[in-house]
Amino acid sequence: MSTARKLTMAAAIAEAIAQEMERDPEVFVLGEDVAKYGGIFGATQGLLAKFGKERVIDTPISETAFIGTAIGAAAEGMRPIAELMFVDFFGVCMDMIYNHMAKNTYMSGGNLRLPMVLMTAIGGGYNDAAQHSQCLYATFAHVPGIKVVVPSNAYDAKGLMIEAIRDDNPVMFFFHKGIMGLPWMAFFEGSTNEVPTEAYTVPFGKANVVREGSDLTIVTISQMVQKALLAAAKLEAEGISAEVIDLRTLVPLDSETVLRSVAKTGRLLVADEDYLNFGLSGEIAALVAERLDTIALKAPVRRLGVPGVPIPYSRPLEQFVIPQVDTIAAAARQIMGSAAPIGVAA
Amino acid sequence: MSTARKLTMAAAIAEAIAQEMERDPEVFVLGEDVAKYGGIFGATQGLLAKFGKERVIDTPISETAFIGTAIGAAAEGMRPIAELMFVDFFGVCMDMIYNHMAKNTYMSGGNLRLPMVLMTAIGGGYNDAAQHSQCLYATFAHVPGIKVVVPSNAYDAKGLMIEAIRDDNPVMFFFHKGIMGLPWMAFFEGSTNEVPTEAYTVPFGKANVVREGSDLTIVTISQMVQKALLAAAKLEAEGISAEVIDLRTLVPLDSETVLRSVAKTGRLLVADEDYLNFGLSGEIAALVAERLDTIALKAPVRRLGVPGVPIPYSRPLEQFVIPQVDTIAAAARQIMGSAAPIGVAA
Amino acid sequence: MEPTRDQLLWMYETMALIRLYEETMAKVYLEGKLPPHIQKGLAFDIGGGPVPGEMHLAAGQEPVAVGVCAHLHEHDTVVGTHRPHHFAIAKGVPLDTMTAEMFGKVTGLGQGKGGHMHLFDPAHKFSCSGIIGASLPPACGAALAAKMRGKDWVSVAFFGDGAANQGSFHESLNLAALWKLPVIFVCEDNKYAISVEKVDSTSVPWNADRAAAYGIPGVLVERNDALEVFQAAGAAIARARRGEGPTLIEVKTDRYLGHFQGDPEVYRPKGETTELRKNDPIPVLAAQLRRMGLLDDAGEAAVAARVAGQVEAAYAFARASAYPQPEDALRHVFV
Amino acid sequence: MEPTRDQLLWMYETMALIRLYEETMAKVYLEGKLPPHIQKGLAFDIGGGPVPGEMHLAAGQEPVAVGVCAHLHEHDTVVGTHRPHHFAIAKGVPLDTMTAEMFGKVTGLGQGKGGHMHLFDPAHKFSCSGIIGASLPPACGAALAAKMRGKDWVSVAFFGDGAANQGSFHESLNLAALWKLPVIFVCEDNKYAISVEKVDSTSVPWNADRAAAYGIPGVLVERNDALEVFQAAGAAIARARRGEGPTLIEVKTDRYLGHFQGDPEVYRPKGETTELRKNDPIPVLAAQLRRMGLLDDAGEAAVAARVAGQVEAAYAFARASAYPQPEDALRHVFV
Ligand SMILES: Cc1ncc(C[n+]2csc(CCOP(=O)(O)OP(=O)(O)O)c2C)c(N)n1
Ligand SMILES: Cc1ncc(C[n+]2csc(CCOP(=O)(O)OP(=O)(O)O)c2C)c(N)n1
Ligand SMILES: [Mg+2]
Ligand SMILES: [Mg+2]
C-alpha cells in the first residue's frame with residue numbers, strides 16, 4: 001500500500017506519466033526537450049531512461065506540427081501526452097489546439113475520440129517577463145471542448161494527471177513553475193506534499209475546500225492556492241476566518257462548491273494570477289451574481305488578478321501586478337470592513 | 001457638409017479606409033483577397049482601383065508572416081491595416097498578435113509605437129459551423145495591449161475605423177458578417193444607417209445608450225445590439241422598458257455607463273454572441289458584483305451567450321446556441337419576474 | 001506501377017460519381033437561396049435552403065482524389081481540406097451519411113454538427129477541416145501511430161496550392177522527413193486560393209520543388225490526369241509502406257466552379273473554365289478505357305446509371321432524414 | 001567585398017566587447033542566486049539577484065553579429081532573438097541603457113518592463129523577442145516599409161537553427177521572396193536548440209539549402225569566422241539594397257556557454273566546449289589583423305582597455321540606477 005513520502009509536483013507528474021506508460025503501451029510523450037533534458041520543468045524526468053526514445057520523443061521547435069501530430073495519433077486511438085514548454089507559446093499552435101483538438105469530437109457528433117493530454121508550464125514570479133510568465137488558462141476555458149486542469153500541489157497533480165491520461169477527451173494540464181519544487185526556482189512549500197506510490201485518480205470538476213472558514217470565501221487555483229493559504233493563516237491571527245477553495249479544474253467547473261461556500265460566508269474574494277479582465281475572476285463573480293436570489297452577500301465581490309498589463313520584467317513591477325500573499329490578505333481585510341450590498345427585497 | 005445617405009457597414013468601413021488612405025500615404029492594406037476581391041466581406045471594396053496594388057496588397061495564406069509584416073511596418077511608423085479573413089483563424093497567428101503586436105509597446109516602456117489595425121470578421125447565424133462562426137473578442141480583451149473595437153452599425157463603424165487608423169496603438173476591429181449588409185447574407189437592417197460623407201471619428205471607450213429604458217439594462221455589442229433592439233421593441237409592447245447599451249469597444253471598456261444604467265434600472269441582462277464562459281458576460285456581471293455597495297439589484301444578473309459548445313452547423317442547433325431576439329426577450333421577462341436578491345444590509 | 005483493370009474502372013466510376021455528386025450539390029445548394037424566397041434586398045442568401053453555409057465544390061479536381069485513393073486500404077488515413085467531397089468519396093465515406101451531414105440532419109456523419117467542411121468518418125479513416133493547412137499535422141500523427149504500432153499503414157494529407165504557404169506545411173514536412181513517417185503530402189494546384197493566383201502567393205513555380213528543403217522526393221504531376229496521379233501516388237505510397245518516409249506530390253489540376261458557390265469570380269479571366277473543361281479528365285479516362293477495351297457504350301451507360309442511382313439515393317436519404325433536436329446542440333462536446 | 005581597415009578593427013573590437021559583456025554578465029547573473037542567500041533546498045534561484053529571470057548568452061557567436069552588422073547603417077533594422085546581446089551591441093544599442101534594462105531599472109531601454117529577451121531600441125532600430133521564430137515576420141515588415149518609401153534600407157532577421165523549423169520561417173521566406181523585400185535572413189547554427197541537436201530536429205543538413213524552396217540565394221558560411229560572415233553578408237545586403245530581394249545565410253557557429261545560465265548541459269558531450277574554444281574567432285581575427293599589420297600588442301591592449309571601460313561603465317550605470325516605482329507597472333500598455 002501507499003507509503004508516506006513527499007514528492008515535488010514535478011516528480012509527481014513524471015511518476016504519474018511513468019505509471020500510465022507502464023500500464024498502457026499506447027501512451028507516449030512528445031515535445032521540446034522532454035527526452036534528454038527530462039522537460040525544462042522536470043515533468044518528464046526519467047522517462048527517456050525508462051521507456052526509450054520511441055516513446056519519449058524530442059521534437060523540433062514546431063509546435064503546430066507536433067501538437068497536430070498528437071491529435072492525429074489520438075484520433076487513431078493512441079494516448080499522446082504533448083508538452084508545450086510554456087503556455088506563452090500557445091500563439092504559434094492555437095489553431096491545432098482550439099479548432100481541431102477541442103472541436104473534432106463535437107463536429108463528429110461524438111464519433112471521434114481524442115484521448116490526449118497537452119501539458120504546459122504557467123506562471124510568473126521569477127522575472128521572466130511578458131512572454132514567459134503568463135497563466136492564460138482562462139483563454140482555454142473560454143473556448144469549448146478542452147478540459148482545463150490546474151493543480152496546486154503534488155498529490156493533486158499526480159491524481160489529476162492519471163485522470164487526464166485515462167480520459168477519452170483532450171485535457172490541458174497547466175503546471176505553475178513556482179510550485180513544481182524545482183531545485184532552481186523559489187517555490188511554495190505547501191505544494192510538495194505526500195504522494196502515494198501507487199496510481200490513483202483525482203476526479204475532474206470537484207473543487208477542494210483546502211481550508212474551512214466562516215467569514216469569507218477565497219476562490220483560487222494553482223500557485224495562488226498556496227498564497228491564499230498563507231494569507232488565511234495571517235488573517236486567522238487577526239480573527240478573520242477565511243475559507244479557501246482550490247478549483248483544481250476550470251472545465252469542468254465546480255460551481256456548486258463555490259456557491260455553497262459563498263452562501264455560507266456571504267463574502268467572495270477571487271484570487272487569480274491570470275489577467276484580471278474577461279477571465280476566471282469575472283466568471284466566478286458572475287456565478288454568484290446570477291444567484292443573488294439565493295445568496296445573501298455581506299459585501300461586494302472582490303477580484304484580484306494581473307490588472308490588464310503584460311507581465312513586466314523588473315522585480316518591483318512584477319511583484320506589484322501579480323497578487324501576493326499580502327495583497328490577498330489586504331483584500332480580505334478590505335472586504336471584511338466594506339459596506340454591505342444595498343440590494344434589498346423589492 | 002454631410003449629406004444624409006445610408007451605407008451598409010461594409011461600405012462604411014471601406015469608405016473610412018479610403019478616406020484615411022487619401023489623407024495619409026503611410027496607410028496601406030494587406031490581407032488575403034483584399035485587393036482583386038475587395039475583401040470577402042467587402043471591407044476593402046474599391047480600394048484596389050483607387051490606390052493600386054502597392055497599397056492594397058493580396059497576401060499568401062501566411063497569416064503569421066503578413067500580420068508580422070504589418071507589425072514590422074508599423075514599428076517603422078507606417079500605418080498598416082491587416083485583415084484576418086475570419087477571426088476563427090487567429091490560432092495560426094496568435095503569437096504575432098498577442099506576444100508582439102500587443103506587448104511590444106509595453107515592453108519598450110512606451111518607446112515603440114505600433115499604429116496598426118487588425119480587422120477581422122466575426123459571427124454566426126448562417127450555418128458556417130464551428131470554424132467560421134465565432135466571435136472570440138473576449139479572448140483579445142483578456143490579454144492586455146489590444147484595443148478591441150466591435151461596431152454594431154455603419155455610422156459607428158466608419159467613425160470607429162477612422163479612430164482606429166489614427167490611433168498610435170494596435171487596434172483590433174471586429175465586424176460581424178450579419179450586419180455588414182452583404183448582398184448575399186441575411187442582415188439586420190438597423191445596421192445599415194446614415195453615414196456622413198466626410199471623415200469623422202467615434203471615440204473609443206464610450207458606450208452608446210442606444211435605447212433608454214427604466215426596467216432593465218441589456219448590455220450588448222455587435223450584431224447582438226440589433227437583436228436587443230428588436231427584443232426591446234417587443235418588450236415595450238408588453239410594458240417592459242429595456243435600456244440597451246452598445247458597448248462599442250471592450251478595450252477600453254466604458255464600465256461607468258454600464259454601472260450608471262444598472263444603478264438606475266436595478267436589473268442586468270448581458271446578451272453576447274461569444275462563448276458564455278470566461279468571457280464578456282462574466283466581466284460585465286463582475287463589474288456589477290463589485291459595486292453592490294452602491295448598486296441595488298432588483299433581480300439576479302442574467303447572462304446569455306453560446307453555452308460552452310462549438311458552433312454547430314445544423315440550423316436548429318445553431319439557432320439554439322446563439323441567442324436570438326426571442327431568447328433575449330424571454331430572458332428579460334424572466335428577470336422581471338424573478339425573485340429579488342436577498343442580500344441585505346448587515 | 002500499372003493500375004489493374006479493377007483500379008482503372010474504379011477510378012473512372014469514382015470520378016463520374018464525384019462529378020455528378022458535385023454538380024447535383026451545386027443545384028441543391030441554390031434551393032431556398034434566391035429571390036423571392038429570401039430577405040428583401042439580397043441577391044443570394046448563404047444561410048438559406050436545405051444546405052446553408054459555405055460550399056466548396058471540387059468538380060475538375062477528381063483525378064487527385066482517385067489517383068491517390070486507388071492505392072489506399074481501409075486502415076489508411078486520409079485528411080482532406082475545406083473542399084473535401086472528392087477525397088471523402090474516393091476514400092469510401094458513405095454518400096448517404098455524408099450528404100445527410102451537409103443537410104444538417106441527425107443521420108449525418110456528425111449528427112449535423114459538422115457540416116460540409118467538417119466530415120468525420122473514423123470508420124473509413126477520413127477527416128477534413130475548414131482551416132487552410134490544417135490537414136498536414138494530423139496526417140503526420142496518423143502516420144506516427146502506424147509506425148509506432150509496426151503497421152505498414154500510410155496516411156495522406158491533401159492540401160491546396162494556397163495552403164502550401166502556411167507554416168504548417170513546413171513544420172509537417174520537416175517532421176515527417178525527420179521521423180521517416182509514412183505520409184504522402186498531396187498538393188492540389190488549381191492555380192487559385194480564392195481570388196489570389198498562385199503566382200501572386202508562391203515564390204517558386206512548383207511546390208514539388210520544395211521537397212528538396214526536407215530531403216524527400218518531390219513529384220510534379222503535370223497533367224490533370226488520373227493515371228498520372230496514380231503513377232506518382234503509387235510510387236510514393238509504396239515507399240512509405242516500406243518505411244522510407246514521406247513524399248510530396250503536386251498535381252496541376254483545374255477548378256471548374258467558383259471558389260465557393262456564389263463566388264462572383266471577378267478575378268478570373270472570362271472563358272477560362274470553358275477552356276479548362278476541354279481537358280476534362282473524365283472523358284479523357286473514358287477514352288483511354290475504350291482504347292484498352294475496358295469500356296464501351298453499354299459500360300459507360302451502366303456506370304452513369306449506377307452513379308445516378310447512388311447520388312439520387314444519397315440526396316433522398318438526406319432529405320428524408322430528420323433534423324436533430326435543438327437541445328442536442330449541448331451534447332458531444334466531450335465523449 | 002573586402003572589409004575596410006575600419007570595418008576590420010570595428011569587428012575585432014566589437015567582438016571583444018561582446019565577449020567581455022557576456023562573460024561579465026555570466027558572473028553578475030550569479031549574484032544572489034546561490035546558497036546561502038536563497039530559499040533552503042534550492043541549489044540556484046533563477047529569480048534572485050540583480051539580474052533575475054532567464055539569461056541566454058552568446059559567447060562564441062560574435063562573428064555572426066559583427067560580420068553582418070558591419071554593413072549596416074543606423075536606418076537599417078535588426079531583429080534579434082532570445083539570445084540578443086551580441087546583435088544589440090553590434091547594431092549600436094547603447095550598453096548602459098541595455099544593461100540597465102536587464103537590471104530592471106527605470107533608466108533601461110524599456111524602463112525595466114522588457115528585460116533581457118525584450119530589448120527595444122527604436123532609435124537604433126533594434127528589437128528582439130523571447131519567441132522562437134518571431135524575428136522573421138517583423139523584419140519583413142521593416143523591409144516592406146523601406147521598399148514602399150523608396151529607401152535602400154535593409155532589415156536583418158537573426159534566428160537560430162532551432163527556429164528554422166518554425167512555420168514563421170517558411171511563411172516569411174516565401175513572402176519576402178515573392179515581394180522581393182530587402183531582408184536578410186541569418187540563421188545562427190550553433191547545433192543546438194536547448195538540448196535538442198540539430199540532427200534531431202532538422203531533416204536536411206543545411207538550412208541554407210532551404211533557400212531553393214523560395215527561389216532565393218542560400219549561403220552557408222562554413223566557419224565561425226567574422227570575415228567569412230562579412231563576405232556573405234556583404235553580398236546579400238548589396239543585393240537587397242539593389243532591390244533584388246532576400247537572401248538566406250546560415251552560419252556554423254559555436255555556443256560556448258549553456259543554453260541559459262544554469263543549464264546543467266547533461267545533453268552535451270563532456271569537453272565539447274573546450275574543443276570549440278580552440279577555434280575562438282576573436283584570437284583568430286586578432287592574428288589576422290596582426291598579419292595585416294593592423295594590430296600589435298599596444299593596439300590589442302588599447303582595445304582591451306576600451307572595452308573593459310565600456311563594460312564597467314555600463315554595469316556601474318545599471319547598478320547605480322533606480323528601480324521604477326511599483327505603480328509604473330500600470331503605464332505604457334498604450335502610448
Ligand atoms: C488559416 C486559414 N486562412 C484563410 C482561410 C480562408 N480560406 C478558405 S479557402 C482559402 C483558399 C485556399 O486555397 P487553396 O489551398 O489553394 O485551396 P483551394 O480552395 O484552391 O482548393 C482561403 C484563403 C482559411 N480557411 N484558413
Ligand atoms: C515558439 C517557441 N517555442 C519554444 C521556445 C522555447 N525555447 C527557447 S530557446 C529555444 C531553443 C532555440 O534554439 P535556436 O533557435 O537554435 O537558438 P539558440 O538557443 O541555439 O540560440 C527554445 C525551444 C520559445 N521560446 N518559443
Ligand atoms: Mg488552390
Ligand atoms: Mg541553436
Side-chain angles (χ1 to χ4, degrees), chain B residues 25-28 30 53-55 57-80 82 92-96 98-116 143-147 167-171 204 251-252, chain D residues 75 77 79 101 106 108-115 117-123 125 127 129-149 151 153 155 157 166-176 178-179 181 183 324 328-329 331-335:
Chain B
E26 302 276 54
V27 178
F28 70 99
L30 75 174
K53 67 192 173 72
E54 305 296 313
R55 292 180 70 198
I57 310 172
D58 275 336
T59 64
I61 309 175
S62 306
E63 286 85 355
T64 292
F66 80 73
I67 293 174
T69 292
I71 294 170
E76 299 282 321
M78 298 199 68
R79 307 188 88 85
V92 300
C93 53
M94 185 59 171
D95 184 63
M96 282 295 138
Y98 102 105
N99 261 335
H100 306 275
M101 183 183 89
K103 293 178 184 164
N104 285 1
T105 294
Y106 186 79
M107 295 191 297
S108 75
N111 268 329
L112 188 81
R113 301 176 172 224
L114 291 179
M116 63 179 282
V143 296
I146 306 168
K147 297 197 181 178
D167 197 309
D168 277 343
N169 296 288
V171 177
F204 295 165
V251 180
Chain D
H75 46 243
T77 294
V79 189
E101 183 60 25
V106 73
L109 287 171
Q111 301 188 28
K113 294 216 163 86
M117 287 187 275
H118 312 111
L119 304 171
F120 290 87
D121 185 353
K125 300 185 77 167
S127 65
S129 96
I131 303 297
I132 299 307
S135 61
L136 295 87
C140 292
L144 178 64
K147 192 178 161 137
M148 291 180 82
R149 289 165 167 174
K151 308 284 189 189
W153 305 350
S155 81
Q166 265 288 340
S168 58
F169 169 91
H170 176 65
E171 295 190 7
S172 301
L173 266 75
N174 179 62
L175 196 87
L178 186 72
W179 295 350
L181 298 180
V183 51
D328 286 348
R331 296 173 55 209
H332 303 310
V333 178
F334 297 113
V335 292

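Lettering follows sequence order; numbering is per chain, from 1.
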**Report entry** D:His118 side, atom NE2; B:Asn99 side, atom CG - distance, nearest 0.5 Å
**Finding:** 7.5 Å
Query raised in the report: Does B:Tyr106 use its side chain to pair, donor to acceptor, with the backbone of D:Ala329 at less than 3.5 Å?
Result: yes
**Report entry** Heavy-atom contact with chain D under 4.5 Å, split by part of B:Asp167
**Finding:** neither
Query raised in the report: How many angstroms lie between NZ in B:Lys103 and OG in D:Ser129, if you round to the nearest 0.5 Å?
Result: 10.0 Å
Report task. For each of D:Cys140, D:Pro122, D:Ala123, tally heavy-atom pairs with chain B at distances under 4.5 Å, and name the one with the top tally. Result -> D:Pro122
Report task. Nearest 0.5 Å please: distance from the CD atom of B:Glu54 over to the CG atom of D:Leu144. Result -> 9.5 Å
Report task. Sort D:Leu119 into side chain, backbone, both or neither according to what part of it lies under 4.5 angstrom from a heavy atom of chain B. Result -> neither
Report summary line: Among B:Ile61, B:Asp168, B:Asp95, the residue with the most heavy-atom pairs under 4.5 Å to chain D is B:Asp95
Requested in this report: Could you tell me the separation between the CH2 atom of D:Trp179 and the CD1 atom of B:Ile57, rounded to the nearest 0.5 Å?
Outcome: 5.0 Å
Query raised in the report: Of the listed residues (B:Thr105, B:Leu30, B:Ile71), which shares the most heavy-atom pairs with chain D below a 4.5 Å separation?
Result: B:Thr105
Query raised in the report: What part of D:Ala139 is in contact with chain B, defined as an atom under 4.5 angstrom from a non-hydrogen atom: side chain, backbone, both or neither?
Result: neither
**Report entry** Region of B:Val171 that comes under 4.5 Å of a non-hydrogen atom in chain D
**Finding:** neither
Report task. Please look at D:Lys147 and chain B and tell me whether the side chain, the backbone, both or neither of the residue comes under 4.5 angstrom of a heavy atom of that chain. Result -> neither
Query raised in the report: Taking all atoms of both residues into account, what is the closest heavy-atom pair of D:Val335 and B:Gly110, and its distance?
Result: CG1-O, 3.9 Å
Report summary line: chain D shares the most heavy-atom pairs under 4.5 Å, among B:Ile146, B:Asn111, B:Thr64, with B:Thr64
Query raised in the report: Between D:Ser172, D:Ser155, D:Gly167, D:Ala134, which has the largest tally of heavy atom pairs under 4.5 Å with chain B?
Result: D:Ala134
Query raised in the report: Is it the side chain or the backbone of D:Asp121 that comes within 4.5 Å of chain B heavy atoms, both, or neither?
Result: neither
Query raised in the report: Below 4.5 Å, heavy atoms only, C-beta onward: do D:Pro138 and B:His100 meet side chain to side chain?
Result: no
Query raised in the report: Checking D:Arg331 against chain B: side chain, backbone, both or neither under 4.5 Å from a heavy atom?
Result: backbone
Query raised in the report: Which pair of non-hydrogen atoms, one from D:Pro137 and one from B:Met96, has the smallest distance, and what is that distance?
Result: CG-CE, 3.7 Å
Report summary line: Value for CE (D:Met148) from CD (B:Glu26), rounded to nearest 0.5 Å, stands at 8.5 Å
Query raised in the report: Could you state the interatomic distance from CG (B:Leu112) to CG (D:Leu109), rounded to the nearest 0.5 Å?
Result: 11.5 Å
Report task. For B:Ser108 and D:Phe120, work out which heavy atoms get closest and say how close. Result -> CB-CB, 3.5 Å
Query raised in the report: Do D:Asn174 and B:Pro60 have side chains that get closer than 4.5 Å, going by heavy atoms?
Result: yes
Query - Any B:Glu76 side-chain heavy atom under 4.5 Å of D:Arg149 side chain - result: yes
